[in-house]
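First the structure, in the form of structure tokens, and then the observations on it.
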Amino acid sequence: MLKVRNLNIKIENDKRIIYPVRDVSFSIDKGEIIAIIGESGCGKSQTAMAINQLNRMDGFTITGTIEYKDIENIITLKEKPLNKIRGSEIADIDQDPMEALNPSLKIGYQIKDVLLQHGNCKRREAKALVEAYLKKVGISDIKRVYKAYPHQLSGGMQQRVSIAMALISEPSLVIADEPTTALDVEMERKILELLIGLQKEMALGVLMISHDLSVVKNFAHKIVVMYGGEIVETYNNLIDDYKHPYTKALVKCMPIIEKPVDQLKAIPGQVFDLSKQVSACHFYDRCTEKLPICLEKHPEIKVLKSGQEVRCFLYD
Ligand SMILES: Nc1ncnc2c1ncn2[C@@H]1O[C@H](COP(=O)(O)OP(=O)(O)OP(=O)(O)O)[C@@H](O)[C@H]1O
Ligand SMILES: [Mg+2]
């Protein structure tokens, strides 16, 4: 359904040039949940934003191919056809639901507005459909929420509403960038369960972004690991057979109930500087399994027999 190939992003301002996304390729099938993980600043959000071209801005150069259904390349689409895809075909769910919600409009009114813009729903059927979607996202006092302003709702409720708004146009693909980081642990679990339930029910393709592997571990089909603007590994989460030293380090950092909090580790060393273009492996300075070749050459992605992809000389 979605094929991203050789995606590169360069961001230039008067101060410096950075390369936050480098030769990134991955695909998402109908009904598939793909998660992109990696430390803060490794290029996850920039990758996700490129799909709907939300980072088509001054100073940004985006190249590569983003094929979606019968569209050959989203990157080269003009604004008008692009606006037809945004929201109705590929929907975004933000970390901050207030980004999606208009603070000065009542909830019911603004979801109805989105529906009438994107969908082919008749005006007199719209209200009932909005109410049905509010119910679908687990809201019980629909009449109150319909007439409420966003600030009158809790963070969890706001996120439910933004999910209803994202899904009401029946998109095929949903991009959820850290959709639960603003919520407490209990609410995070509820919102994730809701999303996964709706994903199954509507056979949605989902791209879920998180800096925390433990968040996506329980439901992603495939996990894409990014480091220093690159994909370092793509593996099947159901088999859980990751190989890259960076993925192993991330797993060690994952909070586990039985592990006392003081044993939680962060990966030692500095993250890769995205303004650099080096001939070595980006993870070289922090890697505990490095070889001499890792400093001399930049590893390419290798496809292993199992189908998993890894960028590491240990698997040459
Ligand atoms: N508008 C912008 N102008 C300049 N640099 C930017 C802009 N947006 C992002 N960047 C830079 O691009 C790099 C990648 O950012 P990105 O937001 O993709 O990281 P991320 O992996 O999503 O991190 P996080 O987990 O913190 O959300 C970072 O160095 C960031 O500072
Ligand atoms: Mg981000």
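When a ligand or atom number is given, it counts from 1 through the structure's own listing order. Residue numbers count from 1 along this sequence. These numbers come from the heavy atoms of this one structure, side chains and all, not from hydrogens, waters or symmetry mates. All figures in this text were calculated on a predicted structure; none of them were measured in a lab.
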Is there any protein N/O under 3.5 Å from an N/O of ligand 1, and what does the full list of such pairs look like?
{"residue": "ligand 1", "atom": "8 (N)", "partner": "Q46", "partner atom": "NE2", "Å": "3.0"}
{"residue": "ligand 1", "atom": "18 (O)", "partner": "S45", "partner atom": "N", "Å": "3.2"}
{"residue": "ligand 1", "atom": "18 (O)", "partner": "Q46", "partner atom": "N", "Å": "2.9"}
{"residue": "ligand 1", "atom": "21 (O)", "partner": "C42", "partner atom": "N", "Å": "3.2"}
{"residue": "ligand 1", "atom": "21 (O)", "partner": "G43", "partner atom": "N", "Å": "3.1"}
{"residue": "ligand 1", "atom": "21 (O)", "partner": "K44", "partner atom": "N", "Å": "3.0"}
{"residue": "ligand 1", "atom": "21 (O)", "partner": "K44", "partner atom": "NZ", "Å": "2.9"}
{"residue": "ligand 1", "atom": "22 (O)", "partner": "S45", "partner atom": "N", "Å": "2.9"}
{"residue": "ligand 1", "atom": "22 (O)", "partner": "S45", "partner atom": "OG", "Å": "2.7"}
{"residue": "ligand 1", "atom": "23 (O)", "partner": "G41", "partner atom": "N", "Å": "2.7"}
{"residue": "ligand 1", "atom": "25 (O)", "partner": "K44", "partner atom": "NZ", "Å": "2.8"}
{"residue": "ligand 1", "atom": "26 (O)", "partner": "S40", "partner atom": "OG", "Å": "2.5"}

query = Sequence neighbours excluded, which residues qualify as side chain to side chain contact (heavy atoms under 4.5 Å, CB included) partners of P150?
reply =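 For P150, the residues satisfying side chain to side chain contact (heavy atoms under 4.5 Å, CB included) (neighbours in sequence not counted) are M98, L101, I107, Q110.
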
Residue of the set T181, I37, L250 for which side chain to side chain contact (heavy atoms under 4.5 Å, CB included) holds with H211 =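 It is T181; the other options fail the test.
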
Under-2.8 Å neighbours of the Mg ion (ligand 2), protein N/O/S atoms only = 1

request  = Validate the cation-pi geometry between K136 and Y133: distance from NZ or CZ to the six-membered ring centre under 6.0 Å, angle to the ring axis within 45°.
outcome  = yes

query = Is it true that the NZ or CZ of K127 lies under 6.0 Å from the centre of Y146's six-membered ring and within 45 degrees of the ring axis?
reply =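 Pair K127/Y146 counts as cation-pi.
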
Indicate whether any N or O donor in one side chain lies under 3.5 Å from an N or O acceptor in the other, for [X] and [Y].
{"X": "S275", "Y": "D273", "result": "yes"}
{"X": "S172", "Y": "K69", "result": "yes"}
{"X": "N55", "Y": "Q46", "result": "yes"}

ask   = Side-chain contact, heavy-atom cut-off 4.5 Å: K44 with D177?
value = no

Check: residues 216-225 side-chain donor-acceptor pairs under 3.5 Å, at least two apart:
{"residue": "K217", "atom": "NZ", "partner": "N237", "partner atom": "OD1", "Å": "3.3"}
{"residue": "H221", "atom": "ND1", "partner": "I33", "partner atom": "N", "Å": "2.9"}

